[in-house]
Structures are given as C-alpha cells and as structure tokens.
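Note that the coordinates shown come from a computational prediction; the quantities given were computed from them, not determined experimentally. Heavy atoms only: backbone and side chains are in, while hydrogens, waters and symmetry mates are out. Just so it is clear: chains get the letters A, B, ... in the order the sequence lines come, proteins before strands, and each one is counted from 1.
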Amino acid sequence: MRIRLFFILFFVSNLTMSQDRFLSGIFPEFGLNAPINDRWSYLFKLESQNRIIDNAAMDYPSLRYKHLLTDLQSFMSVNITYSLKGAFGYQYRIDSDRTDSHRSIQQIAWVSNFRTFRIVSRVRTDQTFLNDASPEYRFRYRAASDIPLQGMKIDDGEQYLLLSNEFILGIQSNEYSLENRFVAGVGHFFNNKEKLEFSLDYRTDPYFSGIDRHRLWLKISFYWKLGKFFSIN
Amino acid sequence: MKTLWNVPIFIMLLLVSFDGSGQEFKNEKEVGISKKNVPDEALEITNEFDVKRKQKWYRQTNFVTTSYEVKFKWNSHFYSVEFDTTGQILDIEQLVKWKEIEQKHRKQLKKIFENRFDKYKLIKCQIQYTGEKKSLNTYFKSSELDEQLTIRFEIEIEGKSDKSWKKYEFLVTSEGEVERERIIIGRSTENLNY
C-alpha cells in the first residue's frame with residue numbers, strides 16, 4: 001500500500017512540479033452502435049473534454065474549469081471477416097478556443113484472441129481541416145484490451161480491466177509531431193448491449209522536441225448497442 | 001417439487017437457445033470460486049491428480065444445470081476438468097494446437113468445415129475425453145492414454161456462410177460426426193474499436 005502511494009505521489013509531483021504544461025479534467029464519452037445488417041453497422045460517438053485543473057496561468061496547477069471541445073463522430077463500419085472490421089467516418093469538432101473543424105477518418109481494426117483475453121489492434125488515418133490553419137494529417141496505431149476480472153471470460157454483470165496504448169504521428173505544414181495516449185481503467189459489462197467504463201487517459205506530446213504537455217483525463221464512457229435494423233443482407 | 005420448477009425454465013432455455021433458423025446458441029456463464037465452495041468429492045478426486053501447477057476453480061451454468069470446472073497446466077497443456085454438483089467427473093478437456101490433432105482427425109474436421117463454410121478460421125481446438133469414472137479419475141496419474149476413454153473434438157471457428165461471418169463451436173466425434181454445432185455470441189468491440 002505504501003509503495004503504491006509512493007508511486008502515485010511520485011507520478012503526480014513529477015507532473016505538477018515541472019515547468020511542463022499539465023492539465024486535467026473530465027472526459028465523458030457516449031457511443032451508440034446501430035447494426036444495419038450482418039455486415040454493416042453505424043456508430044455515433046459524442047465526446048467532450050472539460051478542463052478542471054491547469055498550470056498555464058500559475059506555476060502550480062489550479063482549478064480552472066473550461067469546456068475545451070466537443071466531438072461529434074459518425075462511422076460506417078463493415079465486417080471484412082469476423083474479427084477484421086473496416087470503417088470510415090466524419091467528425092465535427094466544436095472548439096472553444098478556435099474555429100470548429102472537420103475531420104475525415106479511415107480505420108481498420110482486428111481482434112487477436114488469447115486464452116483469457118483479447119487484443120484489438122487499430123490502424124487509423126485521419127485528416128483535419130481547419131479554417132485558420134493548414135490541414136493536419138495523422139497516422140495512428142492503437143492496441144486495446146479488455147481483461148476479465150472474474151473467471152476466464154467476461155460474462156453479463158461482470159467487470160473487466162481496460163488497457164490501451166496509442167501512438168499518433170502527425171504532420172501539419174511540414175512539421176511532424178508524435179503523441180502517446182495510455183488508458184487504464186475498469187469497465188462494467190451489463191450485457192452485450194451496454195457497457196460502462198471509468199478510466200484514466202494520460203496523453204503526452206510532442207515527442208520530437210521533448211515532451212512538454214501532459215494531459216490526464218478522467219474518462220467516463222458508456223456504450224450502447226441497438227438491435228439489428230434489418231435481418232437481410 | 002424442485003424438478004417441476006425446472007420444467008418451465010428448461011422450456012424457456014430451449015426458446016432462447018434457438019432462433020427462427022433453428023440454430024443453437026452457446027449460453028454459458030462462468031464465475032471463479034474458492035476451493036471451499038467446491039463439492040468435497042471433486043476435491044478428493046483432484047487431490048489425487050499428479051498436478052503440481054496451481055489449480056483454479058470455476059462454477060459454470062447454462063441457466064438450467066450447474067457444473068464445476070478446475071483449470072490447470074499439466075505436461076505443457078492447459079486442461080479443464082468438469083464435475084457435476086455431486087463431484088463426479090463429467091469430462092476432461094485438453095487445449096491443443098491444430099497440428100497436435102492426429103492427421104486422420106484433422107482431415108475429417110477440415111472436410112466438415114470446408115463443406116459447411118465458404119471461408120473459415122480456426123480459433124481454439126480442444127480434445128474432450130469422456131467415459132468410465134475410473135479412467136477419468138486416473139487420467140492425470142499416467143502419461144499413457146486409457147483406450148476406454150471416448151475422444152471428441154471441440155473446435156471454435158470463425159466461419160463465413162451466406163455472405164455473413166459468425167463464430168461457432170463444433171463438437172465432433174472421433175468418427176467425424178458433428179454431434180453439436182452452436183453459435184457463439186461474441187462480445188461487441190465498439191469500446192476497443194472507437
């Protein structure tokens with residue numbers, strides 16, 4: 001217990017005492033999955049970043065609530081095989097600091113099954129178009145897993161451990177950037193239609209000129225899957 | 001009286017286990033339990049096993065019947081041994097690689113899947129041993145397989161038929177007869193995909 005407390009204090013003090021930018025807040029997410037048939041499905045996702053703590057104004061983190069942005073995402077997903085899915089999507093971002101932006105997204109994701117858990121690998125490319133800046137192009141890779149906390153598989157009403165890590169390589173006006181996102185948390189699997197997750201999402205960037213921004217989000221995510229619209233292909 | 005209560009539950013399970021196409025769905029729940037919740041008879045049998053690795057116990061239910069399972073590693077393979085509520089062994093399942101299945105059985109299984117699906121991918125292969133209680137009880141004491149035991153193959157695959165991919169579990173006899181085919185409802189992945 002003491003060792004755990006030491007690591008938490010060490011981690012937080014490292015972030016807050018340094019001159020790096022540190023901000024933290026709440027990040028609610030809502031995902032609605034509407035299967036169209038056995039192959040195609042539509043997914044709507046709403047996510048919002050709300051800053052609570054920031055060290056930009058002072059040398060130390062202080063309470064400064066601000067709604068930073070809200071993303072509205074729409075995806076069409078297709079099952080290429082049972083465990084391989086392709087998707088393309090569009091995102092509209094409501095940004096409180098700059099003009100709203102549009103993003104096109106393409107991704108492919110596949111499941112690797114192990115004896116007691118699974119890993120979903122996702123390769124994503126996206127292009128962000130802004131009115132006041134050059135377009136930004138990004139290449140992303142994420143590995144994510146949900147590990148059962150009771151038994152060998154996740155059954156209805158059980159909890160799971162959520163772990164994921166993502167690398168994001170971006171290019172904008174001939175300048176490269178690299179960001180890392182690590183997520184750890186717990187989820188409650190109500191059933192195959194409803195999932196609730198609480199997680200910490202730790203984002204660091206940029207890597208090329210040395211990390212100078214740390215963002216720690218408390219994510220609260222709810223996923224809801226509807227029944228199939230049509231039973232024919 | 002207890003048996004009478006089970007009748008409507010059994011009918012309900014039949015209704016929810018089959019959809020309009022008559023296909024059977026796998027519907028099981030498994031929870032990790034401590035040794036003190038395991039039937040004494042089952043513990044007595046496992047205490048006789050020549051297994052040094054840690055044994056983990058689970059209670060499994062298909063919402064009509066309950067059974068107990070112990071899982072462990074023995075001779076480089078993962079095993080699960082299933083017991084009924086009185087502690088009698090029901091079967092032993094050995095997790096194997098596809099290549100470890102005898103060639104004549106691999107041929108039989110391949111033929112079944114090729115006839116049934118346009119495309120398929122193997123996910124998990126298990127050899128199931130059933131038979132005389134005495135033979136099952138002594139399985140983990142001898143490295144030689146008792147010929148009295150009946151062998152079946154429990155294979156999980158992802159298969160494509162009628163343009164749609166689904167996950168299946170097949171139980172196939174050593175003569176190549178499909179004894180059971182069930183659809184496995186996989187957990188949705190939207191939280192890991194998006």
request  = Please examine the side chains of Q55(B) and R53(B), heavy atoms only from C-beta on, and report whether any two atoms are closer than 4.5 Å.
outcome  = no

Carboxylate-amine/guanidinium proximity below 4.0 Å for D201(A) and R203(A) = yes

message = Between T189(B) (side chain only) and N193(B) (backbone N and O only), is there a donor and an acceptor less than 3.5 Å apart?
response = no

query = Are the side chains of R103(A) and F129(A) in touch, meaning some heavy atoms are under 4.5 Å apart?
reply = no

key: Carboxylate-amine/guanidinium contact E158(B) K167(B), below 4.0 Å   = no

request  = Please assess F114(A) against T116(A) for the test side-chain contact (heavy atoms from CB on, under 4.5 Å), listing each intermediate value before the final yes or no.
outcome  = CA-CA 6 Å; F114(A) 297 89; T116(A) 55; 5.9 Å; no

ask   = For chain B, which residues from residues 66-78 of chain A have at least one heavy atom closer than 4.5 Å to it?
value = F75(A), S77(A)

request  = Look only at the side chain of D84(B) and the backbone of Q88(B), and say whether a donor-acceptor pair between them is shorter than 3.5 Å.
outcome  = yes

note = Under 4.5 Å to a heavy atom of chain B? For T81(A) that would be both

query = Any ion pair linking D146(A) and R187(B) (charged N to carboxylate O, less than 4.0 Å)?
reply = yes

request  = Please look at K153(A) and chain B and tell me whether the side chain, the backbone, both or neither of the residue comes under 4.5 angstrom of a heavy atom of that chain.
outcome  = both

Under 4.5 Å from any heavy atom of chain B - which part of K85(A) = side chain

request  = Look only at the side chain of N47(B) and the backbone of L43(B), and say whether a donor-acceptor pair between them is shorter than 3.5 Å.
outcome  = yes

query = Side chains of L169(A) and R138(A): does their closest heavy-atom pair fall under 4.5 Å?
reply = no

message = I'd like to know if the side chain of W57(B) reaches the main chain of K71(B), judged simply by a donor and an acceptor atom lying under 3.5 Å from each other, with no hydrogens or angles considered.
response = no

query = Out of E29(A), K45(A), K195(A), Q150(A), which one racks up the most heavy-atom pairs below 4.5 Å with chain B?
reply = K195(A)

query = Measuring heavy-atom distances to chain A, does Y58(B) have an atom under 4.5 Å in its side chain, in its backbone, in both, or in neither?
reply = side chain

ask   = Heavy-atom distance under 4.5 Å to chain B: side chain of L162(A), backbone, both or neither?
value = side chain

ask   = Is E190(B) close to L43(A) at the side-chain level, that is, under 4.5 Å between some pair of heavy atoms?
value = yes

request  = Pick one of side chain, backbone, both or neither for N33(A), based on which atoms fall under 4.5 Å of a heavy atom in chain B.
outcome  = side chain

message = Quick check on K56(B) against chain A: is it the side chain, the backbone, both or neither that has a heavy atom closer than 4.5 Å?
response = neither

request  = Please list, in residue-number order, every residue in residues 177-192 of chain A that has a heavy atom less than 4.5 Å from any heavy atom of chain B; write 'none' if there are none.
outcome  = F189(A), N192(A)

Qualifying residues under ring-ring contact (aromatic ring centres under 6.0 Å, His included), relative to Y168(B), sequence neighbours excluded = F117(B)

query = Measuring heavy-atom distances to chain A, does I123(B) have an atom under 4.5 Å in its side chain, in its backbone, in both, or in neither?
reply = side chain

inquiry  = Looking at D162(B) and K160(B), is any side-chain nitrogen of the basic one under 4.0 Å from a carboxylate oxygen of the acidic one?
reply    = no

ask   = In residues 95-107 of chain B, which residues are in contact with chain A at a heavy-atom separation under 4.5 Å?
value = L95(B)

query = Taking the side chain from Q172(A) and the backbone from S134(A), do they hold a donor-acceptor pair closer than 3.5 Å?
reply = yes

note = Most heavy-atom pairs under 4.5 Å with chain B, out of E197(A), R142(A), R124(A), K193(A), belong to R142(A)

query = What orientation do F170(B) and F113(B) show, parallel under 30°, tilted 30 to 60°, or perpendicular over 60°?
reply = perpendicular

note = Looking only at G186(B), G32(B), G159(B), S188(B), most heavy-atom pairs under 4.5 Å shared with chain A are made by S188(B)

remark   = Turns out that what part of S83(A) lies under 4.5 Å from chain B's heavy atoms comes down to both

task = Could you check if a side-chain atom of Y223(A) sits within less than 4.5 angstrom of a side-chain atom of F30(A), using non-hydrogen atoms only?
result = no

task = Please say whether the positively charged group of R115(A), taken as NZ for Lys or CZ for Arg, lies over the ring of F78(B), i.e. under 6.0 angstrom from the six-membered ring centre and within 45 degrees of the axis.
result = yes

request  = Indicate yes or no for a side-chain donor-acceptor contact from S145(A) to the backbone of R118(A) under 3.5 Å, with no hydrogens or angles considered.
outcome  = yes

task = Below 4.5 Å from any heavy atom of chain A, which atoms of K121(B) appear? Answer side chain, backbone, both or neither.
result = side chain

